[in-house]
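Notes follow once the structure below has been shown.
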Number of protein chains: 2
Amino acid sequence: MEHSPTVGTRPFRELCADHGLTATHQRQVLYEVMQTMPGHPSPEEVYARVKKRIPAISLATVYKNIHLFVERGVLKEVSMHHGSLRVELNNHLHHHMVCSHCKAITDIEEKDLGVLPALQRLPGGFQAERYAIDVIGICAACQKTKRS
Amino acid sequence: MEHSPTVGTRPFRELCADHGLTATHQRQVLYEVMQTMPGHPSPEEVYARVKKRIPAISLATVYKNIHLFVERGVLKEVSMHHGSLRVELNNHLHHHMVCSHCKAITDIEEKDLGVLPALQRLPGGFQAERYAIDVIGICAACQKTKRS
DNA sequence: TTGACGAATAAGAATAATTATCGTTTACTA
DNA sequence: TAGTAAACGATAATTATTCTTATTCGTCAA
């Protein structure tokens, strides 16, 4: 099975350099796997997928690198109404709709939600970097199965 | 040590009745303790405080009643960029500023943030009930202790 | 009022999720 | 290519959450 080792590799190395991370094989696979999981995967789910490509990888490594990615801005932590850590790639701007009944999280585009006014001059000298909006309510499926 | 058992008791019983909860001693203490913790306490922190008044209480009881309070709308779950559940009294409308460095959460009034346009007609037939905004950034204290 | 019944509760046990530790291996720099 | 710091993997420890069960609470009929 022929493949070019440089395809996809260079962008990842650049990404690591940009974020001050050393580029390890495990991290690259972790990152690639998460690119194929567009939702809000749990660490266990990511681990299961990565294990197919690196059977010897440890769950602790997955946790450590997820936290590291979050810390360095490669991933974004999704505010949780789950029982476990959830993340997503820090790609395009969107927010979340959280069903208060079944806890499902779905994405909503910023344009479908409207934009907040400027984030300058917040109380206490807080320096804003971004904002995350959770719209909380009842999803369509739960509306059907629920009386009143 | 004399104290009037009705002071503070009746409002709590009313609150329970309003939310369809039976008024138990543990719940009352839990509620009273949380009133003295205006921030966004974790279950462990609440547990530590409650234990001073009810040494026999179990952490599980704290968790269960916190969840129950959230379910019935007495408490509100704070969207977390913490590793653990955080709650607050469900009092007035505000959002949160989360420091991505020290994880502190401070409240921000809705008027200081601006208001979102209407929440009608969301994609997928999602029925919105409320929204919660997290402004993520660096708090004043962390700005000082951080180079570049 | 009192006692039996059913529902709701609290405690502790059990489980799940996450983090810390530590010996070994790997990646970057000179 | 050797030196050094960082990362890895295994597993233990800790923390968070759920489950189970004995007990308690409130109600209602006698």
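Computed from a prediction, not measured in an experiment: that's the story for all the values here. So that the names make sense, note that chain A is the first sequence line, chain B the second, and so on, each numbered from 1.
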Give the residues of residues 38-53 of chain B touching DNA chain C, defined as any heavy atom closer than 4.0 Å, sorted by residue number. none

Quick check against the 3.5 Å criterion: does B:Q143 have a side-chain atom that pairs as donor or acceptor with the backbone of B:I138? yes

Taking five pairs at each terminus, the helix from C:dT1-D:dA30 to C:dA30-D:dT1 shows an axis bend, to 10°, of 30°

Could I get the full list of ring-ring contact (aromatic ring centres under 6.0 Å, His included) partners for A:Y47, not counting sequence neighbours? none

Please report the C-alpha distance between B:M97 and B:D134 in whole Å, then the side-chain angles of each, then the deciding distance to 0.1 Å, and finally whether the side chain to side chain contact (heavy atoms under 4.5 Å, CB included) criterion is met. CA-CA 6 Å; B:M97 299 187 293; B:D134 288 344; over 6 Å; no

Look up atom CG in B:L89 and atom CG in B:L75, then write down how far apart they are to the nearest 0.5 Å. 6.0 Å

Taking DNA chain C as the partner, which of residues 55-65 of chain B come within under 4.0 angstrom of it by heavy atom? B:A56, B:I57, B:S58, B:A60, B:T61, B:K64, B:N65

Please check if the side chain of B:R72 supplies one atom and the backbone of B:G20 the other of a donor-acceptor pair under 3.5 Å. yes

From CD of A:E71 across to P of C:dT19 the rounded distance in Å is 12 Å

How many Å lie between CZ on B:R27 and P on C:dA11, as a whole number? 12 Å

Could you give the CG-to-P distance, from A:L68 to D:dA6, as a whole number of Å? 12 Å

A:H25: partners by side chain to side chain contact (heavy atoms under 4.5 Å, CB included), with sequence neighbours left out: A:V29, A:I54

Counting just side-chain N and O atoms, does A:H67 come under 4.0 Å of either OP1 or OP2 of C:dT19? yes

is_close_aromatic(A:Y131, B:H95), centroid dist under 6.0 Å: no

Mind listing the N/O atom pairs, protein and nucleotides 2-4 of chain D, below 3.5 Å?
none

Report the distance from atom CG of A:D107 to atom CD of A:E109, rounding to the nearest 0.5 Å. 7.0 Å

Apply side-chain hydrogen bond (donor to acceptor under 3.5 Å, both in side chains) to B:E88 and list each qualifying residue two or more places apart in sequence or on a separate chain. B:H40, B:H94, B:H96

Please check this pair: side chain of A:Q127 against backbone of B:C139, looking for a donor-acceptor N/O pair closer than 3.5 Å. no

Please write out each protein N/O paired with an N/O of nucleotides 27-30 of chain C under 3.5 Å, distance rounded to 0.1 Å.
unit_1	atom_1	unit_2	atom_2	d
C:dC28	OP1	A:A23	N	3.3
C:dC28	OP2	A:R13	NH2	3.3

Side chains of residues 56-64 of chain B: which donor-acceptor pairs under 3.5 Å do they make with residues two or more places apart or in other chains?
unit_1	atom_1	unit_2	atom_2	d
B:S58	OG	B:A60	N	2.9

Which pairs count as salt bridge (charged side-chain N to carboxylate O under 4.0 Å, His left out) when at least one residue sits in residues 47-58 of chain A, sequence neighbours excluded? A:E32-A:R53

Got A:V87 and A:M34 here, is their nearest side-chain heavy-atom distance under 4.5 Å? yes

Looking at residues at least two apart in the chain, or sitting in another chain, which of them share a side-chain hydrogen bond (donor to acceptor under 3.5 Å, both in side chains) with A:T22? A:R27

List the residues meeting side chain to side chain contact (heavy atoms under 4.5 Å, CB included) with B:E71, not counting sequence neighbours, and say none if there are none. B:L68

